[in-house]
Amino acid sequence: MTQPELPKAYNFKSTEPRVYEKWEHGGYFQPWNDPNKPGFDPNIEPFVISIPPPNVTGELHLGHAMFVSMEDLMIRYHRMKGIPTLWVPGTDHAGIATQLMVERDLLKTEEVTREELGREEFVKRTWEWKKKYGGIITTQIRRLGASCDWNRERFTLDEGLSRSVREAFVRLYEKGLIYRGPRLINWSPGLKTAVSDLEVEYSEEEATLYYFKYKLQDSEEFIPVATIRPETILGDTAVAVHPDDERYKKYIGSRAIVPILNREIPVIADDYVSMEFGTGALKITPGHDPNDYAIAQRHNLPIISVLDTAAKVNDNGGPYQGQDRFEARKNMWADMKKAGLVIKTEPYRTTIPRSQRGGEIVEPMISTQWFVTIEPLAQAALEAVRDGRIKIVPERFEKVYFNWLENIKDWCISRQLWWGHRIPVWYCPDGHMTTGREDPTQCATCGSTELHQDEDVLDTWFSSGLWPFSTLGWPDKTPDLKYFYPTSYMETGYDILFFWVARMIMMGLEFTGEAPFHTVYLHGLIRDEHGRKMSKTYGNVIDPLIVMDDFGTDALRFTLLVGSSPGNDMSLSVKKVEANRNFANKIWNVGRFVITAINNQQSVDEMGDYGLADSWIWAKLQQLMRDVERQFQNFQYGQAGQQIYDFIWNDFADWYIEIAKQELAAGGPTAARAVDTLARVLDTALRLLHPFTPFVTEELWDHLRTAVRNSPLFTLAADWPDALIVAKWPEPNEPESWEEQKMADFEEVMQQPVRALRNFHAEKNIKPSQKHGVVYVHPYKAEILREYLPIISALSSTDVEQSFVYEQYKPEEAVTSLVVGATEMYLMLTGMKRSEEDMARLEKELKEAESHIERLEKLLAGDFAKKAPAHLVAKEREKLTAYKETAEKIKAQLR
RNA sequence: GGGCGCUUAGCUCAGUUGGUUAGAGCACUUCCUUUACACGGAAGGGGUCAGGGGUUCGAGUCCCUUAGCGCCCACCA
């Protein structure tokens with residue numbers, strides 16, 4: 001009958017794993033309307049999110065915590081609305097990151113490099129690594145409470161998804177949108193692979209600008225040139241000047257001599273050269289600079305590569321062959337100095353391109369790579385956002401999106417790695433290319449059977465781009481794909497808008513003909529408590545796992561959800577999480593109180609009408625439901641959470657429960673009504689809060705359900721569901737006008753006098769033991785005041801025996817008086833002497849009232865009365881009347 | 001060079017159709033070991049909402065402008 005006593009403090013450590021276990025194994029995360037099961041109804045529209053797949057070898061960080069919290073909130077909310085809800089989980093093979101990790105490990109444990117192992121063996125080892133460590137991240141994501149359907153978990157390299165990648169590649173190839181050729185690309189010498197433009201990060205750094213002489217052939221004259229990378233002189237194929245430059249005009253068409261190598265190159269004229277910058281003359285190294293490459297194209301210049309894949313000087317570099325690029329730079333400059341070609345060096349701040357992964361300086365190089373012709377895909381992707389098929393939240397990112405797509409360049413998709421989707425193209429000895437959905441056995445052009453496959457793998461983002469539909473079975477027309485695609489929201493950080501979101505849109509439109517989702521919700525980045533980026537070197541990284549250990553998952557989730565707004569970075573401090581741990585504990589204790597009250601409550605024959613406080617808290621709750629619903633529609637999740645927090649703490653706990661204590665003590669129908677309200681409000685509050693803090697709400701709801709079931713007071717029409725996760729999202733069921741009235745009454749009759757009295761006690765340092773009476777005067781709410789006098793007295797620590805309520809003001813009874821706000825209420829304390837301070841305070845009150853009167857009269861005399869909406873004007877009028885009455889009463893006292 | 005964001009209480013931040021004399025958490029002051037909770041309760045101090053101008057009966061909220069900070073994109077050696 002009675003439950004075991006609940007602990008005083010919420011124990012998240014024992015609760016969280018148990019509750020998650022119940023959910024996962026109870027099948028609560030699977031959509032109730034499943035196309036693969038009997039009874040499926042295709043007419044009900046589902047709500048679907050594809051998880052941004054974390055790196056399979058990754059460790060949980062706050063970025064994960066953020067998107068999991070956010071998406072789980074969205075998913076739980078929709079699920080509680082009764083919508084079939086699917087959240088597809090999975091992981092990404094993360095080509096470079098994973099390969100590096102395994103390489104590092106092999107070197108450490110077996111002292112063997114990947115080259116020594118060979119490709120086949122290395123890939124085998126990486127799969128083993130994946131099997132061993134790939135589960136860590138998904139376990140950690142479970143710890144966050146993620147309610148994804150783990151039965152549908154996917155991995156970008158598993159069979160189905162690899163087939164999608166193959167299909168996508170072949171389709172683009174056949175359409176002529178994929179090509180292979182030598183181009184100037186970004187080369188990462190550390191990783192020895194090409195990287196895309198997006199994978200290059202530019203950082204402003206101190207560098208040196210080297211000025212030197214470009215000697216002219218058969219002449220003592222020279223053109224001064226400046227460069228940041230002297231070693232690239234080895235690859236120069238021209239010196240360029242502006243055609244209108246008076247200084248150098250005369251040299252155009254003559255020959256210059258490459259220092260050290262003594263090659264002859266032309267002096268050319270090109271508008272690109274800026275006369276104002278540097279020396280006004282530019283050395284042209286088409287093999288290692290994108291601008292120079294473009295100029296070389298225009299002038300038909302030869303292209304010389306001087307660096308190999310490790311960024312060492314190659315055999316075009318004469319004496320420097322075999323030297324590292326920086327070593328060669330030093331040596332070359334020294335040699336030039338000896339040769340008298342050096343003018344000067346000066347420190348120079350410039351942007352240096354670095355690899356996003358390895359961090360080393362990226363070298364532009366000519367290399368044969370695979371590219372996607374991006375223009376047509378980008379056009380379609382632009383159109384989808386422009387015409388509203390896809391909406392980006394917050395909207396300002398649409399501009400960023402447009403700007404990127406409008407200026408996009410072809411996408412280099414080949415990587416010289418081993419871990420990834422191998423490019424499905426085969427070459428015959430004559431170099432003909434053959435592709436296909438199945439591995440070819442002979443060359444499509446010449447029939448040769450001597451085929452070898454391209455060595456490169458695809459950019460990881462190529463497979464990620466297919467994620468929303470590849471995870472649902474594409475290219476097969478699976479029931480899942482048919483029902484759950486297109487997905488609903490794409491929720492992720494704005495930092496991968498280009499990397500991932502834009503590419504999903506392009507590929508989704510290209511391959512499925514539909515936008516892969518209708519809404520993109522972008523969250524901000526998480527920074528430390530002073531807004532600094534978290535970094536390991538700085539040592540300000542907050543580990544979500546430790547935070548969860550210390551304060552619980554709910555506390556972390558609530559902090560992330562309430563502390564952030566769409567698209568804006570948030571600062572996270574452990575203090576905030578601690579405060580929200582306290583909130584979880586508060587909820588727990590509210591629940592404890594309610595459940596105890598239910599367990600102690602006997603049945604009654606007749607419940608009777610609800611009281612003022614019951615109606616008030618119910619009205620507050622109705623309003624909350626409306627507000628929360630509205631905020632959710634507008635993606636204002638933080639606001640919604642804040643309001644629920646305020647309701648539970650400031651309204652329900654601080655006021656209603658304190659009042660309920662009095663009513664419970666009274667027993668009978670009064671107590672029964674209080675218990676009924678306590679249970680109903682808690683039930684609803686838990687539902688509203690559940691998407692934010694799923695664990696504590698679930699646990700409490702379970703206890704509440706048991707208590708209600710066993711209570712003689714309640715007869716349940718329908719059984720409660722077994723888990724809050726499938727409970728119904730609450731909808732308000734009272735008219736808004738009703739709410740207003742109830743709230744106004746309660747605030748006036750209960751809250752205002754209680755607050756005023758407490759305030760008075762604190763100011764005058766009156767101890768609760770010094771009980772005194774109060775005379776309440778209210779012209780037309782005397783009756784209700786009389787009814788609730790015991791409660792008001794209890795909450796304000798005043799003596800109910802010595803207290804009275806009048807309709808009429810009787811100054812002769814006043815001993816000490818205080819006035820309550822802008823209402824008709826007037827309070828007088830009895831059994832006390834009036835002091836000088838009281839008079840001073842009354843004068844202060846009077847002044848305040850008069851200032852209000854003055855302000856309001858001015859306001860109402862102006863255009864406000866004519867132009868503002870009628871109900872607002874009426875409200876201000878009422879206030880004016882009330883202040884006037886208040887002023888009168890104080891004046892009477894002061895006489 | 002283009003684009004975007006931020007600037008609100010000591011600190012970190014909310015504040016979306018413009019509507020009382022602007023809020024929260026933490027910190028601070030005073031009081032309270034009251035039978036849900038000291039991971040608590042009560043009361044309180046603290047802001048010319050970055051500066052200037054404009055629209056409006058009314059502006060933290062809309063427009064223009066200035067300054068500081070930050071981010072993204074971009075080929076100036």
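Each chain gets a letter, A, B and so on, in the order its sequence line appears, and its residues count up from 1.
- Taking atom C1' in both A36(B) and G15(B), one finds a spacing of 32 Å when rounded to whole Å.
- Counting only distance, with no hydrogens or angles, the side chain of D683(A) and the backbone of A679(A) share no donor-acceptor pair below 3.5 Å.
- Checking A43(B), A36(B), C13(B) against the side-chain heavy atoms of F593(A) singles out A36(B) as nearest.
- A donor-acceptor pair is defined here as one N or O able to donate and one able to accept, closer than 3.5 Å; no such pair exists between the side chain of T798(A) and the backbone of A794(A).
- When the side-chain nitrogen and oxygen atoms of W649(A) are compared with OP1 and OP2 of G41(B), one or more of them lie within a distance under 4.0 Å.
- Taking atom CG of N540(A) as the reference point, atom C1' of U12(B) lies 15 Å away to the nearest angstrom.
- A cation-pi contact, defined as under 6.0 Å to the ring centre and within 45° of the axis, links R758(A) to W655(A).
- Residue-level contact check: T596(A) touches neither bases nor backbone, having no heavy atom under 4.0 Å from any strand.
- Listed nucleotides: A77(B), C71(B), G41(B). Nearest to the side chain of R527(A): C71(B).
- Nearest nucleotide to the L282(A) side chain, out of A77(B), U12(B), A14(B): A77(B).
- No hydrogens or angles were tested; on distance alone, a donor-acceptor pair under 3.5 Å links the side chain of Y272(A) to the base of C75(B).
- Residue S797(A) is out of contact with every strand shown, counting any heavy-atom pair closer than 4.0 Å.
- Atom-to-atom, CZ of F583(A) to P of A24(B) comes out at 16 Å; the value is rounded to the nearest Å.
- For the pair L860(A) CG and C57(B) P, the computed distance is 16 Å after rounding to whole Å.
- Salt bridge status for E205(A) with R349(A): absent, with no side-chain N to carboxylate O gap under 4.0 Å.
- Taking atom C1' on both U56(B) and A74(B), the two are 41 Å apart, rounded to the nearest angstrom.
- Taking only side-chain atoms of K409(A), from C-beta outward, the nucleotide of C37(B), C26(B), C75(B) with the closest atom is C75(B).
- Between the base of C4(B) and the side chain of K399(A) there is no donor-acceptor pair shorter than 3.5 Å.
- The C1' atoms of A59(B) and G53(B) are separated by 14 Å, rounded to the nearest whole Å.
- Of all nucleotides listed (C75(B), G15(B), C39(B)), G15(B) comes nearest to the side chain of Q639(A).
- The separation of C4(B) from C49(B), taken at their C1' atoms, amounts to 22 Å, rounded to a whole angstrom.
- Between U8(B) and G60(B), the two P atoms lie 15 Å apart (nearest whole Å).
- Residue N582(A) places its side chain closer to G40(B) than to any other of A77(B), G44(B), G40(B).
- Dashed line: the shortest gap from a side-chain N or O of Y10(A) to OP1 or OP2 of A36(B) is not under 4.0 Å.
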Without placing hydrogens or testing angles, list every side-chain donor-acceptor pair under 3.5 Å for residues 494-501 of chain A, not counting sequence neighbours.
from    : atom 1 : to      : atom 2 : distance (Å)
Y494(A) : OH     : D569(A) : OD1    : 2.7
Y494(A) : OH     : D569(A) : OD2    : 3.2
W500(A) : NE1    : S464(A) : O      : 2.9

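- For K575(A), the listed nucleotide lying nearest its side chain is A27(B); candidates were A27(B), A36(B), C39(B).
- Proximity of the aromatic rings of F212(A) and Y210(A) is defined here by a centroid distance below 6.0 angstrom, and this criterion is not met.
- With C73(B), A42(B), A77(B) as the choices, the nucleotide that has an atom nearest any side-chain atom of R758(A) turns out to be A42(B).
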Donor-acceptor pairs are to be reported for all side-chain atoms of residues 639-652 of chain A against protein atoms at under 3.5 Å, with residues two or more places apart or in another chain.
from    : atom 1 : to      : atom 2 : distance (Å)
Q642(A) : NE2    : D646(A) : OD1    : 3.4
Q643(A) : OE1    : Q631(A) : NE2    : 2.7

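- Under 3.5 Å, the side chain of K661(A) and the base of A36(B) form at least one donor-acceptor pair of N or O atoms.
- The distance from atom CD1 of I587(A) to atom P of G40(B) is 12 Å, rounded to the nearest whole Å.
- Between K576(A) atom NZ and A27(B) atom P there is a gap of 14 Å when expressed in whole angstrom units.
- Donor-acceptor pairing under 3.5 Å is recorded for the side chains of E346(A) and Y211(A).
- When atom types are taken as modelled, the side chain of K576(A) and the backbone of S571(A) share a donor-acceptor pair closer than 3.5 angstrom.
- Across C6(B) and U61(B), the matching C1' atoms stand 16 Å from one another, rounded to whole Å.
- Contact annotation: N759(A) reaches the phosphate of G44(B) (side-chain N/O to OP1 or OP2, under 4.0 Å).
- Put simply, the side chain of E658(A) and the base of A36(B) share a donor and an acceptor less than 3.5 Å apart.
- Pairs of Watson-Crick or G-U wobble type, with distances under 3.5 Å, assemble into runs of 3 or more in RNA chain B at these ranges: B:1-7 with B:67-73, B:10-13 with B:23-26, B:28-32 with B:40-44, B:50-54 with B:62-66.
- Among the nucleotides A24(B), C57(B), C37(B), the one closest to any side-chain atom of F864(A) is C57(B).
- For C39(B), the OP1/OP2 oxygens have no side-chain nitrogen or oxygen of K8(A) closer than 4.0 Å.
- One C1' atom belongs to A42(B), the other to U7(B), and the distance between them is 35 Å to the nearest Å.
- Among the protein residues, T227(A) comes within range of the sugar-phosphate backbone only, with heavy atoms under 4.0 Å from sugar or phosphate atoms but none that close to a base.
- Straight-line distance between the C1' atoms of A38(B) and A22(B): roughly 31 Å, to the nearest whole Å.
- Between the CZ atom of R329(A) and the P atom of A77(B) there is a distance of 13 Å, rounded to whole Å.
- Between H242(A) and D270(A), the side chains place no donor N or O within less than 3.5 Å of an acceptor N or O (distance only, hydrogens not considered).
- Each of A865(A) and G278(A) has a nearest nucleotide on RNA chain B; the 5'-most of these lies closest to A865(A).
- Heavy atoms of A653(A) sit under 4.0 angstrom from at least one base atom.
- Ion pairing between E747(A) and R755(A) fails under the 4.0 Å rule for side-chain N and carboxylate O.
- In this structure, CG of N568(A) is placed 14 Å from C1' of U12(B), rounded to the nearest angstrom.
- R581(A) contributes a side-chain N or O that forms a donor-acceptor pair with the base of C39(B) under 3.5 Å.
- Within 4.0 Å of F12(A), counting heavy atoms only, lies no atom of the nucleic acid at all.
- At a threshold of 4.0 angstrom between heavy atoms, the contacts of A9(A) include nucleobase atoms, whether or not backbone atoms are also involved.
- As judged by a 4.0 angstrom heavy-atom cut-off over every strand, Y645(A) is placed among residues touching the sugar-phosphate backbone only.
- What separates CD1 of I408(A) from P of A74(B) is a distance of 10 Å, to the nearest Å.
- Among the protein residues, D654(A) comes within range of the sugar-phosphate backbone only, with heavy atoms under 4.0 Å from sugar or phosphate atoms but none that close to a base.
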